[in-house]
Amino acid sequence: MAHEKVVVRFPPSPTGYLHIGGARTALFNWLFARQKGGKFILRIEDTDRQRSTDEAAKAILESMEWLGLDWDEGPYFQSRRYDIYEDFIERLISKGQAYHCHCLPNELEQKRKEAMARGLKPKYDGKCRDMGLGPAPGSVVRLKAPLSGITQFHDLIKGSIRFDNEELDDLVLKRSDGSPTYHLAVVADDINLGITHIIRGDDHVNNTPRQILIYKAIGESLPQYAHVPMILGPDRARLSKRHGAMSVLAYRDMGYLPHTLINSLVRLGWSYGDQEKFTIEELINKFSLKNVGKSAGIFNTDKMLDLNARYIRETSNNILAELLTPFLKKSGFHNLDREIVTAVAGTLKMRSKTIREMAEGASFYFQERITYEKKADKKFLKPEILPLLEDITERLQKLPVFTKDVLEKTFVDFLEKNEIKLKKVAQPLRVALTGKTVSPGIFEIMEVLGKDKALDRISNAVVHIRAGK
RNA sequence: GGUCCCAUCGUCUAGGGGUAAGGAUAUCGGCCUCUCACGCCGAAGACACGGGUUCAAUUCCCGUUGGGACUACCA
């Protein structure tokens, strides 16, 4: 007992993509398991055959993999474990803890409405509870729940929580089509898989006493519960599609690093003093349920953007090139030279908050023919800088090597001779080279572009200016 | 409606009977500068309200308000 091995699980239902709330729950479970040297099990809860899809299941696995949350067992699919539930239900029935119920859905719906109308609790009235009925077409199996008393448990995050059993009713365990309901399947599986700790969203707090009742009915000891506060949208409402991108994969596609998402998610609800950035190793060491807060939080990407920018800056150019390549391809740039992409990433990493942004900022490097932004053209490509452009062109042409340092020296001479500041030519040159007013430093750009391309672009600008636009 | 949970800057949070209530991000101002960023400096910004308990409450207790969740043959 004292040295019981920790076994936790993450049980998404494949009715949609993995959203950030689910991802955080998975992360907390994963961290807990890794820290305790325990087991992390992935279980797909697909007992709702109508709403579950294979694509969703695949997207969830892909999300988990992208985040680096590897599981030790599974994925188990509940739809393939019906014999376990069947057996479980039979045991409950034979123990007299569950019974067949012949009430019709519409009849129950009717009763519920009436009860609501009279201001009563809309719970099952227990009509079939003591009738000793057998199975029949269209019948269900219900738990014979206690009519009085209290059910309480100690939540690792929220402390002691108690419920009056009168609030609960005889919940359905087996549907009329023979499939298990959520509560039954969860408990049967958690027992079957030896789950010791259930870390889940606090939207399940109210489900907990129902599930505890099933544990008690079957005579099994309870796991430990830890209910993590929910993540809400900016309007403080439960997360949903209308809050925009909530899917883990969407963040990948927006150019976030998986580590950024992990770090942001863990800090939403959990804290470790004033520390904001954590490596995975640190998280595994430092995570604790004790430091998980009790109140719901709003998912705000401002802070995550900043974190992403920091992580990008810390990532090697090589890895950035690897991450950047798919985004460049999506922009239509193919036959990319790895060395160039690496250099490009190096010039952009200080000013990119996402990899997507980096790709956008990189496009001028790869375009055959750049186009000038209208305002940039008008403001900087003016006839009066023609002499300067011609002068610098001549100097650049003579250079045997085209590196940042050499370029810088060349410009120092050029500026001195002309008695001007870099400021005067930097912007026109930037526009000539990139078409834009915002870019990495002009020397780095020229080095990456190479002598031919750089000179080519400058001479194009000269022609463009002469043509009077 | 009933039940359960929650409440510190806009947001994420630290803290905790006596604090200048700390950090991060976002915002604004300044410096740096070839643009944009980065970096640095600075500003503004919070204990929901009302009662207790106490020499002293933002902190403990109760209530109010507000928010969230659950209340299915969904998970």
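A, B, ... follow the sequence lines: proteins, then strands. Residue 1 opens every chain. All values derive from a computational prediction rather than experimental measurement.
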Next on the checklist: Over all strands shown, is A:Leu268 touching base, sugar-phosphate only, or nothing at heavy-atom distances under 4.0 angstrom?
Outcome noted: sugar-phosphate
Checklist entry - Could you give the CG-to-P distance, from A:Leu173 to B:C73, as a whole number of Å? => result 11 Å
Checklist entry - Base, sugar-phosphate, or nothing for A:Ser295, non-hydrogen atoms under 4.0 angstrom? => result sugar-phosphate
Next on the checklist: Counting only side-chain heavy atoms from C-beta out, which of B:A24, B:U35, B:C5 sits nearest to A:Lys158?
Outcome noted: B:C5
Item to check | P spacing across the pair B:A21 / B:U58, given as an integer number of angstrom | outcome: 12 Å
Checklist entry - A:His204 has an atom NE2; how far is it from atom P of B:U71, in whole Å? => result 10 Å
Checklist entry - Any donor-acceptor pair under 3.5 Å between the side chain of A:Asp306 and the base of B:A24? => result no
Item to check | A:Arg43 bridged to A:Asp190 by N-O distance under 4.0 Å | outcome: yes
Checklist entry - Between A:Leu422 (CG) and B:U35 (P), how many Å, whole number? => result 9 Å
Item to check | Interatomic distance at P, B:G45 relative to B:C9, whole Å | outcome: 14 Å
Checklist entry - Among B:C12, B:A14, B:A26, which nucleotide sits nearest the side chain of A:Asp274? => result B:A14
Next on the checklist: Without decimals, in angstroms, what is the distance between A:Ile212 CD1 and B:C70 P?
Outcome noted: 18 Å
Next on the checklist: Given B:C12, B:C34, B:C38, identify the nucleotide with an atom nearest to the side chain of A:Gln427.
Outcome noted: B:C34
Checklist entry - Hey, does the side chain of A:Arg142 come within less than 4.0 Å of B:A72's phosphate (OP1/OP2), counting only N and O? => result no
Checklist entry - Base, sugar-phosphate, or nothing for A:Asp155, non-hydrogen atoms under 4.0 angstrom? => result nothing
Next on the checklist: Do the side chains of A:Lys294 and A:Asp202 get close enough for a salt bridge, i.e. N-O under 4.0 angstrom?
Outcome noted: no
Item to check | Whole-angstrom distance between B:A26 and B:G39, as gauged at atom P | outcome: 10 Å
Next on the checklist: Counting the atoms with a prime plus P, OP1 and OP2 as sugar-phosphate, which does A:His227 contact under 4.0 Å by heavy atoms, base, sugar-phosphate, or nothing?
Outcome noted: nothing
Next on the checklist: Students often get this wrong, so: under 4.0 angstrom with heavy atoms, is A:Gly297 touching a base, only sugar-phosphate, or nothing?
Outcome noted: sugar-phosphate
Checklist entry - Checking all strands, does A:Tyr272 fall into the base, sugar-phosphate, or nothing category for heavy-atom contacts under 4.0 angstrom? => result nothing
Next on the checklist: As a quick check of understanding, evaluate salt bridge (charged side-chain N to carboxylate O under 4.0 Å, His left out) for A:Glu314 and A:Lys277, giving each step before the final call.
Outcome noted: CA-CA 12 Å; A:Glu314 290 173 12; A:Lys277 281 176 74 199; 2.2 Å; yes
Checklist outcome for this item: Comparing A:Asp48 with A:Ser160, nearest RNA chain B nucleotide closer to 5' gives the residue A:Ser160
Checklist entry - Would you say the side chain of A:Ser176 and the base of B:C73 hold a donor-acceptor pair, judged only by whether the two atoms sit under 3.5 Å apart? => result yes
Next on the checklist: Base, sugar-phosphate or nothing for A:Thr47? Non-hydrogen atoms, less than 4.0 Å.
Outcome noted: sugar-phosphate
Checklist entry - Rounding to the closest angstrom, what is the interatomic distance between B:A56 and B:G51 at atom P? => result 15 Å
Checklist entry - Which nucleotide in the list B:U11, B:A37, B:U3 gets nearest to the side chain of A:Arg236? => result B:U11
Next on the checklist: Using a 4.0 Å heavy-atom cut-off, does A:Ser271 contact any base of the nucleic acid, only the sugar-phosphate backbone, or nothing at all?
Outcome noted: sugar-phosphate
Next on the checklist: Tell me if the side-chain of A:Arg351 makes a donor-acceptor pair with the base of B:C38, cut-off 3.5 Å, by modelled atom types.
Outcome noted: no
Item to check | A:Met230 CE to B:A7 P, straight-line distance once rounded to whole Å | outcome: 16 Å
Next on the checklist: Taking any heavy-atom pair under 4.0 Å as a contact, classify A:Arg210: base, sugar-phosphate, or nothing.
Outcome noted: sugar-phosphate
Checklist entry - In whole angstroms, how far is the P atom of B:A24 from the CD1 atom of A:Ile298? => result 21 Å
Checklist entry - Is A:Glu107 paired with A:Arg112 through a side-chain N to carboxylate O contact shorter than 4.0 Å? => result no
Next on the checklist: Between B:G10 and B:U53, how many Å separate the two C1' atoms, rounded to a whole number?
Outcome noted: 35 Å
Checklist entry - According to the Watson-Crick and G-U wobble definitions, with both distances under 3.5 Å, which nucleotide is paired to B:A56? => result none
Item to check | Complementary nucleotide of B:A14, counting Watson-Crick and G-U pairs under 3.5 Å | outcome: none
Checklist outcome for this item: B:A7 -> Watson-Crick or G-U wobble partner, both distances under 3.5 Å, gives B:U65
Checklist entry - For A:Arg310 and B:C38, is the shortest distance between a side-chain N/O and OP1 or OP2 below 4.0 Å? => result no
Item to check | Lys/Arg N to Asp/Glu carboxylate O, A:Lys58 vs A:Glu55, below 4.0 Å | outcome: no
Checklist entry - Can you find a donor-acceptor pair, distance only, under 3.5 Å between A:Asp202 side chain and B:A69 base? => result no
Checklist entry - When the distance from CZ of A:Phe163 to P of B:U3 is rounded to whole Å, what number comes out? => result 12 Å
Next on the checklist: Using a 4.0 Å heavy-atom cut-off, does A:Pro12 contact any base of the nucleic acid, only the sugar-phosphate backbone, or nothing at all?
Outcome noted: nothing
Checklist outcome for this item: dist A:Thr301:OG1 -> A:Asp306:CG (nearest 0.5 Å) comes out at 11.5 Å
Next on the checklist: Tell me whether the side-chain N or O atoms of A:Lys303 pair up with the base of B:C12 as donor and acceptor below 3.5 Å, since no angle test is needed here.
Outcome noted: yes
Checklist entry - Checking all strands, does A:Tyr182 fall into the base, sugar-phosphate, or nothing category for heavy-atom contacts under 4.0 angstrom? => result base
Checklist entry - Checking all strands, does A:Cys103 fall into the base, sugar-phosphate, or nothing category for heavy-atom contacts under 4.0 angstrom? => result base
Checklist entry - Have A:Asp377 and A:His464 got a donor and an acceptor in their side chains that come within less than 3.5 Å? => result yes
Item to check | Complementary nucleotide for B:A20 - Watson-Crick or wobble, under 3.5 Å | outcome: none
Next on the checklist: Considering every strand and a 4.0 Å limit on heavy-atom distances, what is the contact class for A:Arg51: base, sugar-phosphate, or nothing?
Outcome noted: base
Item to check | Whole-Å C1' distance, B:U25 and B:A57 | outcome: 30 Å
Next on the checklist: Need the pair for B:G29. Rule: Watson-Crick or G-U wobble, both distances under 3.5 Å, any strand; none if unpaired.
Outcome noted: B:C41
Next on the checklist: What I want to check is whether an N or O donor and acceptor connect the side chain of A:Gln275 with the base of B:G23 at under 3.5 Å.
Outcome noted: no
Next on the checklist: The test is salt bridge (charged side-chain N to carboxylate O under 4.0 Å, His left out); show your working for A:Asp391 and A:Arg395 and say whether it passes.
Outcome noted: CA-CA 7 Å; A:Asp391 181 349; A:Arg395 290 163 190 269; 2.8 Å; yes
Item to check | Closest to side chain of A:Asn206, choosing from B:C34, B:C4, B:A24 | outcome: B:C4
Checklist outcome for this item: Scanning all shown strands, the Watson-Crick or wobble mate of B:C36 with both distances under 3.5 Å is none
Checklist entry - Using a cut-off of 4.0 Å on non-hydrogen atoms, how would the nucleic acid contact of A:Gly293 be classed: base, sugar-phosphate, or nothing? => result nothing
Item to check | Spacing of A:Tyr124 atom OH relative to B:G2 atom C1', expressed in whole Å | outcome: 21 Å
Checklist entry - If you measure from the P atom in B:U64 to the same atom in B:A24, how many Å do you get, rounded? => result 39 Å
Checklist entry - Hey, what's the ring geometry for A:Phe414 with A:Phe411, parallel, tilted or perpendicular (30° and 60° as the breaks)? => result perpendicular
Checklist outcome for this item: So CZ of A:Arg430 and CD1 of A:Ile445: to nearest 0.5 Å the spacing works out to 6.0 Å
Checklist entry - C1' atom, B:G67 versus B:A72: distance in rounded Å? => result 25 Å
Checklist outcome for this item: Of the candidates B:A24, B:G22, B:A75, the side chain of A:Glu276 sits closest to B:A24
